[in-house]
Amino acid sequence: MNFLVTGGAGFIGSAVCRLLCSKPENHVVNVDKLTYAGNLASLRSIGNNPNYTFVQADIGDAPQIGALLRQHETDVIIHLAAESHVDRSIDGPSAFVDTNIVGTFQLLTAALEYWRGLAGSRKAAFRFHHVSTDEVYGDLPFDSGIFTEDTPYAPSSPYAASKAASDHLVRAWHSTYGLPVVLSNCSNNYGPYQFPEKLIPLGVLNALHGKPIPVYGAGANVRDWLFVEDHARALELVATSGVPGESYNIGGNSERTNLHVVKTICDVLDRMRPKATGSYHDLITFVRDRPGHDRRYAIDAEKIRRELGWRPSETFESGLERTIRWYIENDWWWQPIRGGNYAGERLGLSTEPTP
Ligand code: NAD
Ligand code: DAU
């Protein structure tokens, strides 16, 4: 099967490329613009594989995407390219509108033209899989509620609003033009190769460097965590076996408060890498809250379990331990990022102490 993966140099996209390329019957074309979040080092293990091709391109360049679809006789598009970090969307929403909304529109335009030119079984089998987020559903109370595929959209942040808009465009291309799309909405991912601006890798690396581990507000906000390789398996299933026009929620059934997450990171590090004096817990620092901070996300993943037979293989505890060990053993991957004064760049928003 010929896959075209957008955003394959990012955190989840690289896990998808590694998974798909492990099967010799697949060919993967990875189309990525290489923004600050794109990193070819994450693809080192498959970079020379005969069934893998990298193309640096913008999803907004519809003529180039159309040419790639034809050249590589694409069967399935898995669309992950996006601006993905909520705090950056608050600081500067423009890139989120450009890539997540306009970029997805351009990609749909190229995909529709390509699909219309296909014939017979290849036309029937073509899929456009749009990878989205649980953040489109908005804010849940701490003590009740869960997101199903029928939960109304109520995005809070510019990031979430841009993803919601792109979901609506994808569904409209199905209803109006018949493009065979599938969608998935996933909860918070964590694992190897995640850019260290997100809570878990930031917490691990700041701890290892003896820097404050920033916790927004009181750390009471709840996220539902999923190990990235479990998400990649789910995406492969949705892309290849999902029903056109349908959406699938994906989650780890692992709700944890942010404070619990950072305390668990500190517990694991105290065991794996004890400090000469004191505990990593001493580094936990409460800072100014994120504006519009959604209290809680929780995913009902029953549909993908029932219809496609997917379930996560890692618990939060086993996945977190694997993740922390990976960051300890793979400084070749994160040293160049941290060396670029990344930590300083975000200090303004994330590590102001609570007033
Ligand atoms: P990421 O920020 O790590 O990677 C995004 C990738 O997209 C990067 O490689 C970047 O270079 C590329 N990209 C950005 N703009 C582009 C453009 N215009 N053209 C081509 N490539 C471009 O993101 P991630 O965390 O891997 O998330 C991937 C997708 O999954 C996103 O659509 C995100 O909304 C969604 N998602 C993420 C999570 C999560 O917890 N990280 C959860 C649910 C859904
Ligand atoms: O729910 C899925 C979403 O998960 C994806 O769509 C997004 O692309 C992805 O970035 C992630 O969004 P979050 O905002 O939930 O992830 P982040 O790691 O930024 O934050 C997780 C929680 O931790 C959130 O409640 C904010 C909090 N936080 C975050 C950072 C960076 C802190 O307390 N301190 C921090 O320094």
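Owing to the predicted nature of the structure, the values given are computational and were not obtained by experimental measurement. Whatever order the structure lists them in is the order used to number ligands and atoms, beginning at 1.
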Salt bridge check, [Y] against [X]: does any charged N sit closer than 4.0 Å to a carboxylate O?
X	Y	value
Glu302	Arg305	yes
Lys275	Asp270	no
Asp91	Arg88	no
Glu321	Arg271	yes

Pull out every atom of ligand 2 sitting under 4.0 Å from any heavy atom of [X], numbered as shown with elements.
X	answer
Tyr159	5 (C), 6 (O), 7 (C), 8 (O)
Val215	33 (O)
Pro214	32 (C), 33 (O), 34 (N), 35 (C), 36 (O)
Val86	14 (O)
His85	19 (O)
Thr133	1 (O), 2 (C), 3 (C), 5 (C), 6 (O)

Looking only at N/O atoms, are [X] and ligand 1 under 3.5 Å apart anywhere?
X	value
Thr35	yes
Asn39	no
Ile59	yes
Thr99	yes
Thr133	no
Lys33	yes

Parallel, tilted or perpendicular: rings of Trp326 and Tyr193 (30°, 60°):
tilted
Are Trp173 and His79 an aromatic pair, judged by ring center distance below 6.0 Å?
no
Can you confirm whether or not the ring centre of His85 sits under 6.0 Å from the ring centre of Phe195?
no
Of the protein's non-hydrogen atoms, which lies at the shortest distance from [atom], and what is that distance?
atom	answer
atom 26 (O) of ligand 1	Ile12 N, 2.8 Å
atom 4 (O) of ligand 1	Gly10 CA, 3.4 Å
atom 32 (O) of ligand 1	Lys163 NZ, 2.7 Å
atom 31 (C) of ligand 1	Leu80 O, 3.2 Å
atom 18 (N) of ligand 1	Asp58 OD1, 3.0 Å

With a heavy-atom distance limit of 4.0 Å, tell me whether Ser187 approaches ligand 2 through its side chain, its backbone, both, or neither.
backbone
Could you measure the distance from the [atom1] atom of [X] to the [atom2] atom of [Y]? Nearest 0.5 Å is fine.
X	Y	atom1	atom2	value
Ile12	Ile78	CD1	CD1	12.0 Å
Ile304	Ser184	CD1	OG	7.5 Å
Ile250	Thr133	CD1	OG1	10.5 Å

Within the 4.0 Å heavy-atom shell around [X], which atoms of ligand 1 are there?
X	value
Phe11	3 (O), 25 (O), 26 (O)
Leu34	11 (O)
Asn188	40 (O)
Tyr159	33 (C), 34 (O)
Gly38	8 (C), 9 (O), 11 (O)
Ser84	1 (P), 2 (O), 23 (O), 25 (O)
Ala57	19 (N), 20 (C)

Donor + acceptor pair across side chains of [X], [Y] (<3.5 Å):
X	Y	answer
Lys303	Ser247	no
Ser156	Asp294	yes
Asp267	His281	yes
Asp167	Tyr153	yes
Trp333	Asp331	no
Asp230	Ser313	yes

Please answer whether the main-chain N or O of Ser187 pairs with a side-chain N or O of Asp224 as donor and acceptor at a distance below 3.5 Å.
no
Against the six-membered ring of Tyr190, is Arg223 placed for a cation-pi contact (under 6.0 Å from the centre, within 45° of the normal)?
no
Are the side chains of Val222 and Tyr297 in touch, meaning some heavy atoms are under 4.5 Å apart?
no
Can you check which of [options] brings a heavy atom nearest to [atom]?
atom	options	value
atom 10 (O) of ligand 2	Ala220, Ala37, Ser84	Ser84
atom 14 (C) of ligand 1	Ala82, Gly103, Gly251, Ser184	Ala82
atom 44 (C) of ligand 1	Cys186, Ala160, Ser132, Gly60	Ser132
atom 23 (O) of ligand 2	Asp289, Asn185, Asn258, Asp294	Asn258
atom 9 (O) of ligand 1	Val16, Ile65, Asn189, Asp32	Asp32
atom 14 (O) of ligand 2	Arg290, Lys198, Arg223, Lys163	Arg290
atom 13 (P) of ligand 2	Arg256, His293, Glu135	Glu135

How does His85 reach ligand 1, by side chain, by backbone, by both or by neither, if only non-hydrogen atoms under 4.0 Å count?
neither
Would you check the N or O atoms of [X], main chain and side chain alike, for any that come under 3.5 Å of an N or O of ligand 2?
X	answer
Leu202	no
Glu197	no
Asp134	yes

State which residue, out of Glu329, Glu317, Glu229, fulfils the salt bridge (charged side-chain N to carboxylate O under 4.0 Å, His left out) condition with Arg322.
Glu229
Of all the heavy atoms in Val131, does at least one lie under 4.0 Å from an atom in ligand 1?
yes
Heavy atom of Ser187 under 4.0 Å from ligand 1?
yes
Sole residue of Leu19, Asn2, Leu20 in side chain to side chain contact (heavy atoms under 4.5 Å, CB included) with Asn26
Leu20
